[in-house]
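Heads up: the structure comes next, in structure tokens.
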Amino acid sequence: MKKKNIDITIDIYNENELNETERTLVHHAIAATHNSYSPYSHFSVGACVLLDDDTMVIGANQENAAYPVGLCAERSAIFAAQSQYPDKAIKAIAIAARDISGQLLSKPITPCGSCRQVILEMEQRYNNDVRILLYGKEYVYIVKTIKDLLPLSFVADDMRTH
Ligand code: THU
């Protein structure tokens with residue numbers, strides 16, 4: 001029996017250590033929480049995607065009485081960006097959330113498994129890593145590629161002969 005260890009790195013920043021573009025991206029994600037439609041969970045999530053020409057596209061979670069039909073903020077932002085700017089690679093995405101009392105979370109949340117898979121598809125589509133900024137009032141996590149949040153992932157190449 002052999003073992004394989006997988007190391008991932010998460011950088012932990014104070015908000016004031018972010019560069020101007022990243023701070024703006026995070027602030028757009030925070031603002032986007034107000035566009036959340038979340039009458040069922042009361043958990044408001046906002047996301048903002050940064051494209052390769054520095055265009056920013058926001059998204060917010062959208063819920064439905066038929067619960068599984070709803071969509072996370074991350075995929076709302078990514079699909080909106082993809083629909084409007086299919087030729088522009090995604091460089092980064094920022095995510096922020098408010099708890100059921102409307103307070104911004106102190107600690108970052110990380111994207112769900114489905115959103116991780118969609119972000120991975122974006123890395124594959126544009127052959128470009130997506131920087132992921134996860135906002136918390138106390139600190140901001142930065143992950144340099146979704147591959148760090150989705151080890152042993154499945155991509156299109158896996159359907160070709162190994
Ligand atoms: N949600 C997101 O939008 N992004 C995440 O990263 C985690 C969860 C949404 C989905 C649902 O509307 C609500 O938060 C509660 O799960």
Side-chain angles (χ1 to χ4, degrees), residues 6 8-15 18 21-51 55-86 88-126 128-155:
I6 299 171
I8 68 157
T9 304
I10 298 172
D11 295 323
I12 304 170
Y13 281 71
N14 288 320
E15 193 180 334
L18 301 179
T21 304
E22 289 179 336
R23 206 171 312 136
T24 305
L25 195 68
V26 163
H27 286 166
H28 283 328
I30 292 171
T33 60
H34 295 298
N35 300 349
S36 165
Y37 175 65
S38 41
Y40 305 104
S41 72
H42 304 286
F43 188 67
S44 307
V45 187
C48 189
V49 163
L50 178 68
L51 303 179
T55 300
M56 296 186 187
V57 180
I58 59 166
N61 58 326
Q62 305 296 322
E63 298 186 348
N64 193 283
Y67 289 6
V69 177
L71 197 65
C72 293
E74 295 90 324
R75 275 175 289 161
S76 298
I78 291 167
F79 294 156
Q82 290 278 286
S83 304
Q84 294 172 81
Y85 308 106
K88 293 180 185 168
I90 295 180
K91 283 200 294 196
I93 182 169
I95 301 151
R98 292 176 192 276
D99 63 22
I100 58 172
S101 66
Q103 295 298 308
L104 282 170
L105 300 190
S106 304
K107 300 188 172 28
I109 53 155
T110 58
C112 78
S114 297
C115 290
R116 292 178 198 207
Q117 187 70 30
V118 167
I119 296 169
L120 179 66
E121 188 76 19
M122 298 303 98
E123 290 196 352
Q124 301 283 313
R125 178 172 183 182
Y126 300 106
N128 193 64
D129 285 350
V130 177
R131 195 170 167 81
I132 301 150
L133 291 83
L134 305 170
Y135 175 80
K137 276 189 293 190
E138 285 176 17
Y139 51 84
V140 180
Y141 276 166
I142 298 192
V143 183
K144 294 188 193 73
T145 163
I146 195 64
K147 293 183 274 300
D148 281 344
L149 294 184
L150 202 59
L152 304 179
S153 53
F154 176 74
V155 292

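Remember, it's 1-based here, ligands and their atoms both numbered in the order they're listed. Positions are given from 1, in the same order as the sequence printed here.
Taking only nitrogen or oxygen atoms, main chain and side chain alike, Glu74 reaches within less than 3.5 Å of ligand 1.
Arg75 pairs by the side chain to side chain donor-acceptor pair (under 3.5 Å) definition with nothing, not counting sequence neighbours.
Side chain of Gln117 to backbone of Phe154: a donor-acceptor contact under 3.5 angstrom is found. The backbone N or O of Ser38 lies less than 3.5 Å from no partner atom in the side chain of Asn61, so there is not a single donor-acceptor pair.
With respect to atom 7 (C) of ligand 1, the closest heavy atom belonging to the protein is Ile109 CD1, 4.2 Å. The nearest heavy-atom contact from the protein to atom 3 (O) of ligand 1 is Ala73 N, 2.8 Å.
Within a 4.0 Å radius of atom 16 (O) of ligand 1, the protein has no heavy atom.
Comparing Arg116, Arg75, Glu63 against atom 13 (C) of ligand 1, the shortest heavy-atom distance belongs to Glu63.
Ligand 1 is approached by Thr110 to a heavy-atom distance shorter than 4.0 Å. Assignment of Pro111 to the shell around ligand 1 is supported, since a heavy atom sits closer than 4.0 Å.
Counting the atoms of ligand 1 from 1 in the order shown, those under 4.0 Å from a heavy atom of Ser41 are 13 (C), 15 (C). Shown in contact with Phe43 at under 4.0 Å from a heavy atom are these atoms of ligand 1, numbered in order with element: 14 (O).
Remark: Glu15 does not engage Arg23 in a salt bridge, criterion side-chain N to carboxylate O under 4.0 Å.
A donor atom on one side chain and an acceptor atom on the other are found under 3.5 Å apart for Thr110 and Arg116. Side-chain atoms of Gln62 and Ser76 form no donor-acceptor pair, as typed in the model, at a separation below 3.5 Å.
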